Protein chains: 2
Amino acid sequence: MLIAAAARVMARDGIAQTTTRAITAEAGMPRGSFHYCFRSKDELLRELATTVVGDMVQAAQDAQTDTGDLPADLRAALRAMFAAITEHPDEQLVLYELTTYALRDPETVELARWQYESYLRQATDYLDYVADRARIRWTLPIPVLARLVVTTIDGLALNWLPDRDTEIACQVLDAFAAHLASLAEPST
Amino acid sequence: MLIAAAARVMARDGIAQTTTRAITAEAGMPRGSFHYCFRSKDELLRELATTVVGDMVQAAQDAQTDTGDLPADLRAALRAMFAAITEHPDEQLVLYELTTYALRDPETVELARWQYESYLRQATDYLDYVADRARIRWTLPIPVLARLVVTTIDGLALNWLPDRDTEIACQVLDAFAAHLASLAEPST
DNA sequence: GTCTATAAGGAGATAGAC
DNA sequence: GTCTATCTCCTTATAGAC
């Protein structure tokens with residue numbers, strides 16, 4: 001599959017090196033076959049973006065935990081989401097590359113928008129789920145909280161990539177989890 | 001100046017289109033002159049990175065305010081830093097492009113590290129300055145708080161770029177400012 | 001020293017053989 | 001339908017004229 005091959009090349013070598021030649025070589029296919037499956041390289045990149053973003057959101061969903069202790073659950077869930085990222089740094093870097101790439105082209109900026117909307121939807125679902133299970137309600141609007149969560153995870157991962165300081169990242173995450181817990185109050 | 005020309009091309013067209021041809025054309029110079037000033041394109045990109053990161057840190061420093069009211073000052077400073085970013089979205093996008101580009105090459109990963117160290121240093125200086133002026137001390141280690149600040153501003157800006165929703169970004173920023181203020185206690 | 005002209009290689013896309 | 005061979009364009013870098 002060309003998309004899977006492109007994903008491997010991209011994770012390994014970065015978006016700049018992800019040429020049609022490299023992709024078809026990775027897939028063990030002749031170069032000519034590329035334009036038999038995709039009209040252009042951009043068309044493949046668009047399909048690839050939806051795939052890797054979907055995988056990422058799925059991984060975040062799988063990281064949810066639920067023991068009933070709100071602060072501990074938040075901390076565990078955030079740590080699990082962050083761990084899912086740091087375990088695959090190259091895949092995470094691909095997501096940033098796809099975002100910046102899409103933002104440069106007016107034709108594909110919609111893709112970056114969709115990407116971060118997907119993140120927000122996942123965070124919103126999680127916050128709703130937690131509120132329901134722990135019988136609390138959030139003291140700030142869910143859209144604001146969801147964006148705060150996405151911002152923190154996404155920003156923390158980007159800050160982590162250059163120095164890979166997992167220790168301090170976890171401390172930041174715990175501080176954020178405590179903040180989030182303080183924004184919950186018992187529901188009536 | 002070739003670096004200034006490269007910065008303009010990069011902000012306008014993105015890193016992928018920032019070729020030696022485009023740079024020299026922007027500078028009104030013949031193509032051959034490029035390699036008279038720089039050994040290679042990567043050498044210029046390295047110098048350009050230090051320039052734009054320096055400009056960014058300087059802009060953040062200029063955004064500091066001080067009225068004595070801690071929560072209000074934090075809110076105003078964070079908003080000013082964020083405004084400095086959103087007023088120049090293309091320049092901010094360049095910073096992300098430079099980071100992801102540098103992270104892909106073992107030879108230049110040091111540059112990405114230096115970039116985020118610069119952000120951290122700026123945030124650390126700000127937190128120290130605020131603590132001194134408002135006569136408070138932080139209840140979490142400064143390195144953790146500094147990374148939290150950088151993460152939030154940087155992550156929020158990246159989340160803002162696709163949908164440009166300034167309204168909700170400011171709400172997130174205010175929530176974060178309140179959180180930060182709650183992490184201060186009067187110094188003895 | 002400055003710049004023109006060109007080299008040498010890699011990119012995406014395609015025409016046409018099988 | 002599949003793949004080989006090639007086309008055209010664009011990249012960085014350089015050799016050599018002025």
Side-chain angles (χ1 to χ4, degrees), chain A residues 1-52 93-94 97-112, chain B residues 1-52 90 93-94 97-98 100-112:
Chain A
M1 186 56 165
L2 277 176
I3 291 184
R8 287 197 300 275
V9 173
M10 215 161 164
R12 192 202 320 129
D13 304 325
I15 194 171
Q17 310 298 324
T18 304
T19 64
T20 57
R21 293 168 138 76
I23 295 167
T24 50
E26 174 77 23
M29 292 171 80
R31 286 196 292 276
S33 301
F34 186 93
H35 292 279
Y36 173 76
C37 303
F38 298 94
R39 219 166 327 172
S40 69
K41 185 183 158 183
D42 264 36
E43 188 174 297
L44 175 134
L45 281 183
R46 275 194 289 276
E47 294 207 22
L48 181 131
T50 64
T51 301
V52 295
L93 186 45
V94 166
E97 288 179 315
L98 285 172
T99 303
T100 55
Y101 183 84
L103 284 173
R104 281 299 180 188
D105 182 354
E107 297 243 328
T108 57
V109 71
E110 191 55 43
L111 202 62
Chain B
M1 188 54 164
L2 277 177
I3 291 184
R8 286 196 300 275
V9 173
M10 213 160 166
R12 194 202 318 130
D13 304 325
I15 195 171
Q17 310 299 325
T18 305
T19 64
T20 57
R21 288 169 134 79
I23 295 167
T24 51
E26 173 77 23
M29 292 170 80
R31 289 194 292 277
S33 300
F34 185 93
H35 292 279
Y36 174 76
C37 302
F38 298 95
R39 220 165 327 176
S40 70
K41 186 184 158 183
D42 263 36
E43 186 174 299
L44 175 134
L45 280 183
R46 275 194 288 277
E47 294 206 22
L48 180 132
T50 64
T51 301
V52 294
D90 292 340
L93 186 45
V94 166
E97 289 179 315
L98 285 171
T100 54
Y101 183 82
L103 284 173
R104 280 298 180 188
D105 181 355
E107 296 243 328
T108 56
V109 71
E110 190 55 45
L111 202 62

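All chains are named by letter (A, B, ...) in the order of the sequence lines, taking the proteins before the strands, and each is independently numbered beginning at 1. This one's a predicted model, so the numbers in the text were calculated from it and none came from an experiment.
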Within a strict 4.5 Å, meaning less than it, do heavy atoms of the [X] and [Y] side chains meet?
X	Y	answer
B:Asp105	B:Asp42	yes
B:Leu98	B:Leu48	yes
B:Leu111	B:Tyr101	no
B:Phe38	B:Glu47	yes

From the options D:dA13, C:dG12, D:dT12, select the nucleotide whose nearest atom is closest to the side chain of B:Thr20.
->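 The answer is D:dT12.
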With rounding to the nearest 0.5 angstrom, report the [atom1] to [atom2] distance, [X] to [Y].
X	Y	atom1	atom2	value
B:Met10	B:Asp90	CE	CG	12.0 Å
B:Arg46	B:Glu110	CZ	CD	11.5 Å
B:Met29	B:Cys37	CE	SG	4.5 Å

Where along residues 6-16 of chain B does a heavy atom fall under 4.0 Å from DNA chain D?
->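 Result for residues 6-16 of chain B: none.
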Between [atom2] of [N] and [atom1] of [X], the distance in whole Å:
X	N	atom1	atom2	result
B:Gln17	D:dC9	CD	P	17 Å
B:Leu45	D:dT11	CG	P	14 Å
B:Lys41	D:dT14	NZ	P	15 Å
A:Phe34	D:dT2	CZ	P	16 Å
B:His35	C:dG1	NE2	P	20 Å
A:Leu2	D:dT2	CG	C1'	13 Å

Just distance, no hydrogens or angles: give the donor-acceptor pairs under 3.5 Å from side chains in residues 11-21 of chain A, sequence neighbours left out.
from    : atom 1 : to      : atom 2 : distance (Å)
A:Arg12 : NH2    : A:Glu26 : OE1    : 2.4
A:Thr18 : OG1    : A:Gly14 : O      : 2.8
A:Thr19 : OG1    : A:Ala22 : N      : 3.0

Close N or O pairs between protein and nucleotides 3-7 of chain D (under 3.5 Å):
from  : atom 1 : to      : atom 2 : distance (Å)
D:dC3 : OP2    : A:Ser33 : OG     : 3.3

